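Everything below concerns the one structure shown next.
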Amino acid sequence: MESILKSLYLSDLTLLELAGAMRREMDRGLAAKTNEGAEMRMLPTYVTGTPDGTEDGEFLAFDLGGTNFRILLVKLVAGEHKNITMNSQIYHISQEIMTGTGAQLFDHLVECLWDFLSEREITSQLLPIGFTFSFPSNHLGIDKNILLCWTKGYTASGMVGEDIGKLLNEAIDRKSKIRPLNFDLKIMAIMNDTVGTVVSCGYDDNDTCMGMIVGTGTNMAYMEKQENIELLEKKTPASEMCINAEWGAFGDKSESLKAIRTEYDIYIDENSPNKGQYIFDKMISGMYMGELLRLIIVKLISNGEIFEEIAPDSKIFSPGLSAAFVSHIVNFNNDNDQIRQCVARFGLIASDEDCNKLVQLCEAISKRAAYLCAAGVVTVAQKIAENRGPDAKMTIGVDGSVYRKHPTFAKLLHSKVRDLGGDLNVTFHETTDGSGRGAALVAAVECRLQNIRTKVPNQTEE
Ligand code: GLC
(Lines give C-alpha, C1' and ligand atoms only; values in the text may rest on other atoms or scores of the structure.)
Protein backbone atom coordinates (compact mmCIF):
# COMPACT_ATOMS: atom_id res chain seq x y z
CA MET A 1 0.00 0.00 0.00
CA GLU A 2 2.72 2.43 0.99
CA SER A 3 4.78 1.85 -2.14
CA ILE A 4 1.71 2.26 -4.33
CA LEU A 5 0.86 5.60 -2.72
CA LYS A 6 4.47 6.66 -3.12
CA SER A 7 4.49 5.76 -6.81
CA LEU A 8 1.41 7.94 -7.38
CA TYR A 9 2.92 10.98 -5.65
CA LEU A 10 4.44 13.72 -7.82
CA SER A 11 6.66 16.37 -6.25
CA ASP A 12 6.78 19.96 -7.53
CA LEU A 13 10.26 19.27 -8.85
CA THR A 14 9.02 16.33 -10.92
CA LEU A 15 6.06 18.37 -12.19
CA LEU A 16 8.35 21.24 -13.23
CA GLU A 17 10.56 18.78 -15.10
CA LEU A 18 7.49 17.46 -16.87
CA ALA A 19 6.43 21.01 -17.71
CA GLY A 20 9.87 21.57 -19.27
CA ALA A 21 9.50 18.44 -21.39
CA MET A 22 5.99 19.45 -22.43
CA ARG A 23 7.27 22.85 -23.50
CA ARG A 24 9.97 21.23 -25.66
CA GLU A 25 7.31 19.08 -27.29
CA MET A 26 5.08 22.14 -27.86
CA ASP A 27 7.93 23.90 -29.66
CA ARG A 28 8.70 20.77 -31.68
CA GLY A 29 5.02 20.48 -32.57
CA LEU A 30 4.87 24.07 -33.81
CA ALA A 31 7.97 23.70 -35.99
CA ALA A 32 7.44 22.29 -39.49
CA LYS A 33 10.53 20.05 -39.44
CA THR A 34 9.85 18.38 -36.11
CA ASN A 35 6.05 18.35 -36.02
CA GLU A 36 5.67 14.78 -37.17
CA GLY A 37 7.72 13.32 -34.32
CA ALA A 38 6.40 15.70 -31.64
CA GLU A 39 4.31 14.43 -28.73
CA MET A 40 2.21 17.56 -28.47
CA ARG A 41 0.50 17.48 -31.82
CA MET A 42 -0.14 21.25 -31.96
CA LEU A 43 -2.79 21.08 -34.67
CA PRO A 44 -3.87 24.33 -36.34
CA THR A 45 -7.68 24.68 -36.25
CA TYR A 46 -8.43 27.68 -38.50
CA VAL A 47 -10.39 29.22 -35.64
CA THR A 48 -8.86 32.67 -35.38
CA GLY A 49 -11.20 34.72 -33.33
CA THR A 50 -13.83 34.63 -30.69
CA PRO A 51 -17.40 35.89 -31.23
CA ASP A 52 -17.98 39.65 -31.19
CA GLY A 53 -21.60 39.61 -30.01
CA THR A 54 -23.13 40.15 -33.47
CA GLU A 55 -23.80 36.44 -33.95
CA ASP A 56 -27.46 35.84 -34.58
CA GLY A 57 -29.79 33.14 -35.84
CA GLU A 58 -30.46 29.42 -35.49
CA PHE A 59 -27.70 26.84 -35.64
CA LEU A 60 -27.35 23.14 -35.17
CA ALA A 61 -24.52 21.85 -33.04
CA PHE A 62 -23.34 18.24 -33.06
CA ASP A 63 -21.21 16.89 -30.30
CA LEU A 64 -19.43 13.56 -30.68
CA GLY A 65 -16.58 12.65 -28.40
CA GLY A 66 -17.61 10.05 -25.85
CA THR A 67 -20.35 7.54 -25.22
CA ASN A 68 -23.06 9.96 -26.32
CA PHE A 69 -23.90 11.97 -29.40
CA ARG A 70 -25.62 15.24 -28.65
CA ILE A 71 -27.58 17.40 -31.03
CA LEU A 72 -28.44 20.95 -30.09
CA LEU A 73 -30.57 23.61 -31.69
CA VAL A 74 -28.93 26.84 -30.61
CA LYS A 75 -30.56 30.26 -30.98
CA LEU A 76 -28.24 33.23 -30.79
CA VAL A 77 -29.52 36.74 -30.22
CA ALA A 78 -27.10 39.55 -31.01
CA GLY A 79 -26.63 42.99 -29.53
CA GLU A 80 -26.89 44.56 -26.12
CA HIS A 81 -29.07 41.78 -24.75
CA LYS A 82 -27.10 39.07 -26.47
CA ASN A 83 -28.18 35.69 -25.35
CA ILE A 84 -28.08 32.01 -26.21
CA THR A 85 -30.87 29.48 -25.82
CA MET A 86 -30.43 25.80 -26.48
CA ASN A 87 -32.63 22.82 -26.95
CA SER A 88 -30.77 19.56 -26.98
CA GLN A 89 -31.13 15.83 -27.07
CA ILE A 90 -28.70 13.08 -26.15
CA TYR A 91 -28.40 9.87 -28.15
CA HIS A 92 -26.41 6.93 -26.88
CA ILE A 93 -23.59 5.48 -28.97
CA SER A 94 -23.43 1.78 -28.28
CA GLN A 95 -20.16 -0.09 -27.94
CA GLU A 96 -21.14 -1.92 -31.11
CA ILE A 97 -21.37 1.30 -33.12
CA MET A 98 -18.17 2.74 -31.61
CA THR A 99 -16.26 -0.31 -32.73
CA GLY A 100 -18.14 -1.14 -35.97
CA THR A 101 -17.59 0.51 -39.34
CA GLY A 102 -17.35 4.24 -40.08
CA ALA A 103 -20.42 4.06 -42.34
CA GLN A 104 -22.46 2.48 -39.53
CA LEU A 105 -21.34 5.21 -37.14
CA PHE A 106 -22.20 8.08 -39.50
CA ASP A 107 -25.49 6.53 -40.63
CA HIS A 108 -26.39 6.32 -36.95
CA LEU A 109 -25.52 10.00 -36.40
CA VAL A 110 -27.70 11.02 -39.33
CA GLU A 111 -30.52 8.77 -38.10
CA CYS A 112 -30.37 10.68 -34.78
CA LEU A 113 -30.36 13.97 -36.69
CA TRP A 114 -33.52 13.04 -38.59
CA ASP A 115 -35.16 12.03 -35.32
CA PHE A 116 -34.17 15.37 -33.77
CA LEU A 117 -35.40 17.42 -36.72
CA SER A 118 -38.65 15.55 -37.15
CA GLU A 119 -39.59 16.33 -33.54
CA ARG A 120 -39.07 20.09 -33.96
CA GLU A 121 -40.56 22.66 -36.30
CA ILE A 122 -37.59 24.38 -37.81
CA THR A 123 -38.19 27.15 -40.31
CA SER A 124 -34.73 28.30 -41.38
CA GLN A 125 -33.93 28.12 -45.07
CA LEU A 126 -30.40 27.19 -44.22
CA LEU A 127 -29.44 25.39 -41.06
CA PRO A 128 -25.72 25.84 -40.48
CA ILE A 129 -24.00 23.09 -38.50
CA GLY A 130 -21.10 23.40 -36.08
CA PHE A 131 -19.68 19.93 -35.44
CA THR A 132 -17.63 19.24 -32.34
CA PHE A 133 -15.64 16.14 -33.19
CA SER A 134 -13.41 15.48 -30.21
CA PHE A 135 -10.71 13.25 -31.62
CA PRO A 136 -7.27 14.11 -33.00
CA SER A 137 -7.72 15.45 -36.50
CA ASN A 138 -5.69 17.47 -38.91
CA HIS A 139 -7.47 20.53 -40.25
CA LEU A 140 -7.07 21.53 -43.86
CA GLY A 141 -9.65 24.27 -43.41
CA ILE A 142 -12.30 25.12 -40.83
CA ASP A 143 -14.77 22.60 -42.28
CA LYS A 144 -12.28 20.06 -43.56
CA ASN A 145 -10.42 17.82 -41.19
CA ILE A 146 -8.81 14.44 -41.41
CA LEU A 147 -9.02 11.93 -38.55
CA LEU A 148 -5.48 11.11 -37.39
CA CYS A 149 -6.31 8.31 -34.97
CA TRP A 150 -9.09 7.23 -32.67
CA THR A 151 -9.00 7.70 -28.89
CA LYS A 152 -11.40 7.01 -25.97
CA GLY A 153 -12.32 3.47 -27.02
CA TYR A 154 -13.51 4.26 -30.56
CA THR A 155 -12.21 2.05 -33.35
CA ALA A 156 -14.83 2.52 -36.14
CA SER A 157 -13.11 1.21 -39.25
CA GLY A 158 -12.35 3.01 -42.51
CA MET A 159 -12.23 6.48 -40.97
CA VAL A 160 -8.61 7.20 -40.07
CA GLY A 161 -7.20 9.37 -42.87
CA GLU A 162 -10.70 10.40 -44.03
CA ASP A 163 -12.30 13.83 -44.06
CA ILE A 164 -14.95 13.89 -41.33
CA GLY A 165 -17.04 16.63 -42.97
CA LYS A 166 -17.15 14.71 -46.23
CA LEU A 167 -18.24 11.51 -44.47
CA LEU A 168 -21.02 13.35 -42.66
CA ASN A 169 -22.20 15.06 -45.88
CA GLU A 170 -22.22 11.70 -47.67
CA ALA A 171 -24.29 10.14 -44.89
CA ILE A 172 -26.71 13.11 -45.00
CA ASP A 173 -27.01 12.72 -48.80
CA ARG A 174 -27.73 9.00 -48.45
CA LYS A 175 -30.52 9.73 -45.99
CA SER A 176 -31.93 12.69 -47.97
CA LYS A 177 -32.53 10.43 -50.93
CA ILE A 178 -34.86 8.35 -48.81
CA ARG A 179 -36.50 11.21 -46.90
CA PRO A 180 -35.84 14.75 -48.19
CA LEU A 181 -35.92 17.82 -45.90
CA ASN A 182 -37.38 21.19 -46.91
CA PHE A 183 -34.33 23.18 -45.92
CA ASP A 184 -30.56 22.96 -46.38
CA LEU A 185 -28.08 21.63 -43.90
CA LYS A 186 -24.59 23.03 -44.25
CA ILE A 187 -21.54 22.05 -42.22
CA MET A 188 -19.86 25.38 -41.49
CA ALA A 189 -17.17 24.27 -39.08
CA ILE A 190 -15.71 21.19 -37.44
CA MET A 191 -13.76 21.56 -34.25
CA ASN A 192 -12.32 19.85 -31.23
CA ASP A 193 -14.18 20.19 -27.90
CA THR A 194 -11.27 22.17 -26.42
CA VAL A 195 -11.59 24.68 -29.26
CA GLY A 196 -15.35 24.96 -28.72
CA THR A 197 -14.56 25.61 -25.06
CA VAL A 198 -12.18 28.49 -25.90
CA VAL A 199 -14.84 30.07 -28.10
CA SER A 200 -17.74 29.49 -25.74
CA CYS A 201 -15.83 30.91 -22.78
CA GLY A 202 -14.61 33.78 -25.01
CA TYR A 203 -18.24 34.80 -25.59
CA ASP A 204 -18.45 35.68 -21.89
CA ASP A 205 -14.89 36.71 -21.14
CA ASN A 206 -12.56 38.56 -23.54
CA ASP A 207 -9.41 37.36 -21.77
CA THR A 208 -10.09 33.74 -22.70
CA CYS A 209 -7.11 32.22 -24.45
CA MET A 210 -7.19 28.56 -23.32
CA GLY A 211 -9.76 25.78 -23.28
CA MET A 212 -9.21 22.57 -21.35
CA ILE A 213 -11.26 19.37 -21.10
CA VAL A 214 -10.91 16.83 -18.31
CA GLY A 215 -13.64 14.29 -18.90
CA THR A 216 -13.65 10.97 -20.75
CA GLY A 217 -10.40 12.25 -22.30
CA THR A 218 -8.21 15.25 -21.57
CA ASN A 219 -6.84 17.94 -23.85
CA MET A 220 -5.99 21.64 -24.21
CA ALA A 221 -6.40 24.27 -26.93
CA TYR A 222 -4.99 27.80 -26.78
CA MET A 223 -4.48 30.91 -28.88
CA GLU A 224 -1.03 30.99 -30.52
CA LYS A 225 0.58 33.70 -32.67
CA GLN A 226 0.22 32.66 -36.29
CA GLU A 227 3.84 33.62 -36.97
CA ASN A 228 4.87 30.83 -34.57
CA ILE A 229 2.81 28.18 -36.38
CA GLU A 230 5.27 27.07 -39.03
CA LEU A 231 3.06 24.22 -40.09
CA LEU A 232 0.36 26.55 -41.31
CA GLU A 233 0.82 26.90 -45.03
CA LYS A 234 -1.73 29.64 -45.60
CA LYS A 235 -1.75 32.23 -42.86
CA THR A 236 -4.96 34.18 -42.31
CA PRO A 237 -5.05 37.94 -41.63
CA ALA A 238 -5.71 37.39 -37.90
CA SER A 239 -2.70 37.59 -35.60
CA GLU A 240 -3.56 34.44 -33.61
CA MET A 241 -5.04 31.02 -34.30
CA CYS A 242 -6.38 28.43 -31.90
CA ILE A 243 -4.09 25.42 -31.63
CA ASN A 244 -5.41 22.02 -30.56
CA ALA A 245 -2.44 20.76 -28.54
CA GLU A 246 -3.69 17.13 -28.20
CA TRP A 247 -1.70 16.94 -24.99
CA GLY A 248 -3.09 13.47 -24.33
CA ALA A 249 -0.38 12.19 -26.70
CA PHE A 250 2.40 13.54 -24.44
CA GLY A 251 4.70 10.67 -23.44
CA ASP A 252 3.98 8.59 -26.54
CA LYS A 253 7.29 8.75 -28.33
CA SER A 254 9.93 9.51 -25.72
CA GLU A 255 10.79 8.71 -22.17
CA SER A 256 9.12 11.86 -20.78
CA LEU A 257 6.62 9.97 -18.64
CA LYS A 258 8.56 6.75 -18.18
CA ALA A 259 9.87 7.56 -14.72
CA ILE A 260 6.42 8.23 -13.28
CA ARG A 261 4.35 5.53 -14.97
CA THR A 262 3.27 2.73 -12.67
CA GLU A 263 2.81 -0.92 -13.56
CA TYR A 264 -0.97 -0.21 -13.56
CA ASP A 265 -0.61 2.57 -16.15
CA ILE A 266 1.40 0.20 -18.32
CA TYR A 267 -1.22 -2.53 -17.97
CA ILE A 268 -4.03 -0.11 -18.92
CA ASP A 269 -2.15 0.98 -22.02
CA GLU A 270 -1.27 -2.54 -23.08
CA ASN A 271 -4.89 -3.62 -22.84
CA SER A 272 -6.32 -0.62 -24.68
CA PRO A 273 -7.30 -0.51 -28.38
CA ASN A 274 -4.76 2.30 -28.99
CA LYS A 275 -1.72 0.72 -27.33
CA GLY A 276 1.33 3.00 -27.06
CA GLN A 277 -0.76 6.08 -27.80
CA TYR A 278 -2.20 8.77 -25.53
CA ILE A 279 -0.08 7.89 -22.50
CA PHE A 280 -0.74 11.23 -20.72
CA ASP A 281 -4.49 10.88 -21.39
CA LYS A 282 -4.47 7.41 -19.86
CA MET A 283 -2.87 8.71 -16.63
CA ILE A 284 -5.47 11.44 -16.15
CA SER A 285 -8.82 11.10 -17.78
CA GLY A 286 -12.13 9.71 -16.60
CA MET A 287 -12.09 6.86 -19.06
CA TYR A 288 -9.20 5.20 -17.19
CA MET A 289 -9.45 6.50 -13.61
CA GLY A 290 -11.78 3.77 -12.35
CA GLU A 291 -9.80 1.01 -14.01
CA LEU A 292 -6.59 2.32 -12.45
CA LEU A 293 -8.19 2.08 -9.01
CA ARG A 294 -9.56 -1.38 -9.75
CA LEU A 295 -6.16 -2.74 -10.79
CA ILE A 296 -4.61 -1.39 -7.61
CA ILE A 297 -7.39 -2.91 -5.47
CA VAL A 298 -6.92 -6.30 -7.16
CA LYS A 299 -3.18 -6.12 -6.46
CA LEU A 300 -3.78 -5.27 -2.80
CA ILE A 301 -6.33 -8.10 -2.50
CA SER A 302 -3.78 -10.55 -3.87
CA ASN A 303 -1.25 -9.23 -1.33
CA GLY A 304 -3.81 -9.71 1.45
CA GLU A 305 -3.71 -5.97 2.25
CA ILE A 306 -7.35 -5.01 1.67
CA PHE A 307 -10.88 -6.55 1.68
CA GLU A 308 -10.54 -9.84 3.48
CA GLU A 309 -14.22 -10.54 2.84
CA ILE A 310 -15.06 -10.91 -0.82
CA ALA A 311 -18.22 -12.45 -2.30
CA PRO A 312 -17.48 -15.44 -4.56
CA ASP A 313 -19.13 -13.67 -7.52
CA SER A 314 -17.38 -10.34 -6.85
CA LYS A 315 -17.25 -8.04 -9.88
CA ILE A 316 -13.96 -6.50 -8.82
CA PHE A 317 -11.97 -8.95 -10.93
CA SER A 318 -13.20 -7.63 -14.27
CA PRO A 319 -13.30 -4.03 -15.60
CA GLY A 320 -16.27 -1.97 -14.48
CA LEU A 321 -15.20 0.69 -11.96
CA SER A 322 -15.92 4.22 -13.20
CA ALA A 323 -14.41 7.62 -12.53
CA ALA A 324 -17.70 8.43 -10.77
CA PHE A 325 -16.86 5.65 -8.28
CA VAL A 326 -13.54 7.36 -7.48
CA SER A 327 -15.40 10.67 -7.04
CA HIS A 328 -17.95 9.09 -4.70
CA ILE A 329 -15.29 7.57 -2.47
CA VAL A 330 -13.43 10.89 -2.19
CA ASN A 331 -16.74 12.57 -1.46
CA PHE A 332 -17.66 10.05 1.26
CA ASN A 333 -14.37 10.46 3.11
CA ASN A 334 -15.26 9.88 6.80
CA ASP A 335 -18.66 8.37 5.98
CA ASN A 336 -17.83 4.68 6.04
CA ASP A 337 -21.44 3.55 5.77
CA GLN A 338 -21.74 5.24 2.40
CA ILE A 339 -18.40 3.77 1.28
CA ARG A 340 -19.54 0.31 2.37
CA GLN A 341 -22.65 0.70 0.21
CA CYS A 342 -20.55 1.72 -2.80
CA VAL A 343 -18.20 -1.26 -2.55
CA ALA A 344 -20.97 -3.73 -1.71
CA ARG A 345 -22.16 -3.40 -5.32
CA PHE A 346 -18.86 -5.03 -6.30
CA GLY A 347 -19.21 -7.85 -3.79
CA LEU A 348 -16.73 -6.36 -1.30
CA ILE A 349 -17.27 -6.07 2.44
CA ALA A 350 -15.29 -3.18 3.86
CA SER A 351 -13.89 -2.82 7.36
CA ASP A 352 -13.12 0.68 8.65
CA GLU A 353 -9.51 0.13 7.74
CA ASP A 354 -10.50 -0.88 4.17
CA CYS A 355 -12.57 2.30 3.85
CA ASN A 356 -9.65 4.34 5.00
CA LYS A 357 -7.29 2.70 2.51
CA LEU A 358 -9.78 3.14 -0.32
CA VAL A 359 -10.10 6.86 0.40
CA GLN A 360 -6.30 7.23 0.43
CA LEU A 361 -6.01 5.47 -2.92
CA CYS A 362 -8.77 7.49 -4.57
CA GLU A 363 -7.27 10.71 -3.26
CA ALA A 364 -3.83 9.76 -4.56
CA ILE A 365 -5.17 8.86 -8.03
CA SER A 366 -7.19 12.08 -8.21
CA LYS A 367 -4.31 14.21 -6.99
CA ARG A 368 -1.92 12.75 -9.54
CA ALA A 369 -4.39 13.47 -12.36
CA ALA A 370 -4.99 17.05 -11.18
CA TYR A 371 -1.26 17.73 -10.75
CA LEU A 372 -0.41 16.41 -14.22
CA CYS A 373 -3.03 18.75 -15.67
CA ALA A 374 -1.58 21.60 -13.59
CA ALA A 375 1.87 21.00 -15.13
CA GLY A 376 0.20 21.22 -18.56
CA VAL A 377 -1.75 24.40 -17.77
CA VAL A 378 1.39 26.12 -16.48
CA THR A 379 3.36 25.10 -19.58
CA VAL A 380 0.74 26.52 -21.94
CA ALA A 381 0.17 29.66 -19.84
CA GLN A 382 3.92 30.37 -19.85
CA LYS A 383 3.92 30.12 -23.64
CA ILE A 384 1.02 32.58 -23.89
CA ALA A 385 2.72 34.94 -21.43
CA GLU A 386 5.78 34.91 -23.70
CA ASN A 387 3.57 35.85 -26.66
CA ARG A 388 1.34 38.41 -24.98
CA GLY A 389 3.57 39.76 -22.21
CA PRO A 390 4.18 38.70 -18.59
CA ASP A 391 1.19 40.59 -17.19
CA ALA A 392 -1.29 39.17 -19.69
CA LYS A 393 -4.59 38.19 -18.10
CA MET A 394 -5.38 34.64 -19.12
CA THR A 395 -8.78 33.03 -18.67
CA ILE A 396 -8.99 29.30 -19.18
CA GLY A 397 -12.37 27.81 -20.02
CA VAL A 398 -12.69 24.33 -18.53
CA ASP A 399 -15.22 21.62 -19.15
CA GLY A 400 -15.52 17.86 -18.68
CA SER A 401 -17.09 15.54 -16.14
CA VAL A 402 -13.96 15.02 -14.04
CA TYR A 403 -13.39 18.76 -13.64
CA ARG A 404 -17.04 19.52 -12.95
CA LYS A 405 -18.18 16.55 -10.89
CA HIS A 406 -15.17 15.28 -8.93
CA PRO A 407 -15.34 16.81 -5.44
CA THR A 408 -11.69 17.90 -5.13
CA PHE A 409 -10.15 17.77 -8.61
CA ALA A 410 -10.72 21.44 -9.50
CA LYS A 411 -9.38 22.70 -6.16
CA LEU A 412 -6.27 20.52 -6.41
CA LEU A 413 -5.64 21.71 -9.96
CA HIS A 414 -6.08 25.40 -9.12
CA SER A 415 -3.78 25.30 -6.13
CA LYS A 416 -1.06 23.38 -7.98
CA VAL A 417 -1.19 25.88 -10.87
CA ARG A 418 -0.58 28.61 -8.27
CA ASP A 419 2.35 26.65 -6.74
CA LEU A 420 4.02 25.93 -10.07
CA GLY A 421 3.01 29.01 -12.05
CA GLY A 422 4.40 31.77 -9.83
CA ASP A 423 3.15 35.11 -11.13
CA LEU A 424 1.13 33.81 -14.07
CA ASN A 425 -2.22 35.59 -14.15
CA VAL A 426 -4.48 32.60 -14.81
CA THR A 427 -8.21 32.51 -13.98
CA PHE A 428 -10.29 29.35 -14.31
CA HIS A 429 -13.78 29.67 -15.74
CA GLU A 430 -15.99 26.60 -15.68
CA THR A 431 -17.66 26.46 -19.07
CA THR A 432 -20.55 24.09 -19.27
CA ASP A 433 -21.37 23.11 -22.79
CA GLY A 434 -18.32 24.35 -24.63
CA SER A 435 -19.00 21.65 -27.19
CA GLY A 436 -22.58 22.75 -27.93
CA ARG A 437 -22.50 26.52 -27.45
CA GLY A 438 -18.95 26.73 -28.78
CA ALA A 439 -19.80 24.78 -31.94
CA ALA A 440 -22.79 27.01 -32.69
CA LEU A 441 -20.73 30.14 -32.08
CA VAL A 442 -17.91 29.00 -34.37
CA ALA A 443 -20.49 28.18 -37.05
CA ALA A 444 -22.06 31.62 -36.53
CA VAL A 445 -18.74 33.45 -36.84
CA GLU A 446 -18.03 31.47 -39.98
CA CYS A 447 -21.46 32.35 -41.41
CA ARG A 448 -20.75 36.00 -40.74
CA LEU A 449 -17.43 35.76 -42.55
CA GLN A 450 -18.89 33.80 -45.44
CA ASN A 451 -21.88 36.10 -45.84
CA ILE A 452 -19.46 38.72 -46.98
CA ARG A 453 -17.87 36.44 -49.51
CA THR A 454 -20.47 33.92 -50.63
CA LYS A 455 -23.89 35.37 -49.80
CA VAL A 456 -25.06 32.48 -47.69
CA PRO A 457 -28.64 33.51 -46.70
CA ASN A 458 -28.29 35.73 -43.67
CA GLN A 459 -29.73 34.20 -40.52
CA THR A 460 -30.37 37.63 -39.00
CA GLU A 461 -32.84 38.70 -41.70
CA GLU A 462 -36.03 37.04 -40.59
C1 GLC B 1 -9.07 12.88 -26.24
C2 GLC B 1 -9.09 13.35 -27.70
C3 GLC B 1 -9.08 14.86 -27.80
C4 GLC B 1 -10.21 15.45 -26.94
C5 GLC B 1 -10.08 14.94 -25.51
C6 GLC B 1 -11.21 15.45 -24.62
O7 GLC B 1 -7.85 13.15 -25.67
O8 GLC B 1 -7.99 12.83 -28.40
O9 GLC B 1 -9.23 15.28 -29.15
O10 GLC B 1 -10.13 16.84 -26.98
O11 GLC B 1 -10.11 13.52 -25.51
O12 GLC B 1 -12.46 15.06 -25.07
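In listed order, ligands and their atoms are each counted from 1. Keep in mind the model is a prediction, meaning the values are calculated, not measured.
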- Message: Students should be able to answer this: which protein heavy-atom is nearest to atom 7 (O) of ligand 1, and at what distance?
- Response: Thr218 O, 3.2 Å
- For atom 11 (O) of ligand 1, the closest protein heavy atom turns out to be Lys152 NZ, 3.1 Å
- Query: To the nearest 0.1 Å, how far is atom 6 (C) of ligand 1 from its closest protein heavy atom, and which atom is that?
  - Reply: Asp193 OD2, 3.3 Å
- Consider every N or O of Asn192 and every N or O of ligand 1, then say whether any pair is closer than 3.5 Å. yes
- Query: Hey, is CD on Glu119 packed in by over 12 heavy atoms from elsewhere, all under 6.0 Å?
  - Reply: yes
- Considering only the protein, which heavy-atom contact is closest to atom 2 (C) of ligand 1, and what is its distance? Thr151 OG1, 3.4 Å
- Message: Within the structure, is a non-hydrogen atom of Gly248 found at a distance of less than 4.0 Å from ligand 1?
- Response: no
- Just say parallel, tilted or perpendicular for the rings of Phe131 and Phe106, cut-offs at 30° and 60°. perpendicular
- Item | Close approach, Pro136 and ligand 1, non-hydrogen under 4.0 angstrom | yes
- Task: Give a yes-or-no answer on whether the side chains of Lys405 and Asn331 include a donor-acceptor pair shorter than 3.5 Å.
- Result: no
- Check the side chains of Arg437 and Ser200 for a donor-acceptor pair under 3.5 angstrom, ignoring hydrogens and angles. yes
- Message: Check whether Asn244 reaches the backbone of Ala221 with its side chain - one donor and one acceptor, N or O, closer than 3.5 Å.
- Response: no
- For ligand 1, which atoms, with element, lie under 4.0 Å from some heavy atom of Asp281? 7 (O)
- Only heavy atoms count here, so choose which of Lys282, Glu246, Met191 is nearest to atom 3 (C) of ligand 1. Glu246
- Task: Please work out which of the three classes, parallel, tilted or perpendicular, describes the rings of Tyr46 and His139, given edges at 30° and 60°.
- Result: tilted
- Which one holds for Phe135 and ligand 1: side chain close, backbone close, both close, or neither close, with close meaning a heavy atom under 4.0 Å? backbone
- What atoms in ligand 1 come closer than 4.0 Å to a heavy atom of Ser134? 2 (C), 3 (C), 4 (C), 9 (O)
- Message: Given the ring of Tyr203, does Lys82 sit roughly above its face, with NZ or CZ under 6.0 Å from the centre of the six-membered ring and within 45° of the axis?
- Response: yes
- Message: Could you check whether Lys152 makes a cation-pi contact with Phe135, meaning its NZ or CZ is under 6.0 Å from the centre of the six-membered ring and within 45° of the ring axis?
- Response: yes
- Task: Could you establish whether Tyr278 and ligand 1 come within less than 4.0 Å of each other, counting only heavy atoms on the residue side?
- Result: yes
- Message: Any carboxylate oxygen within less than 4.0 angstrom of a Lys/Arg side-chain nitrogen, looking at Arg28 and Glu25?
- Response: yes
- ligand 1 atoms in contact with Asn219 (distance to a heavy atom under 4.0 Å): 3 (C), 4 (C), 5 (C), 9 (O), 10 (O)
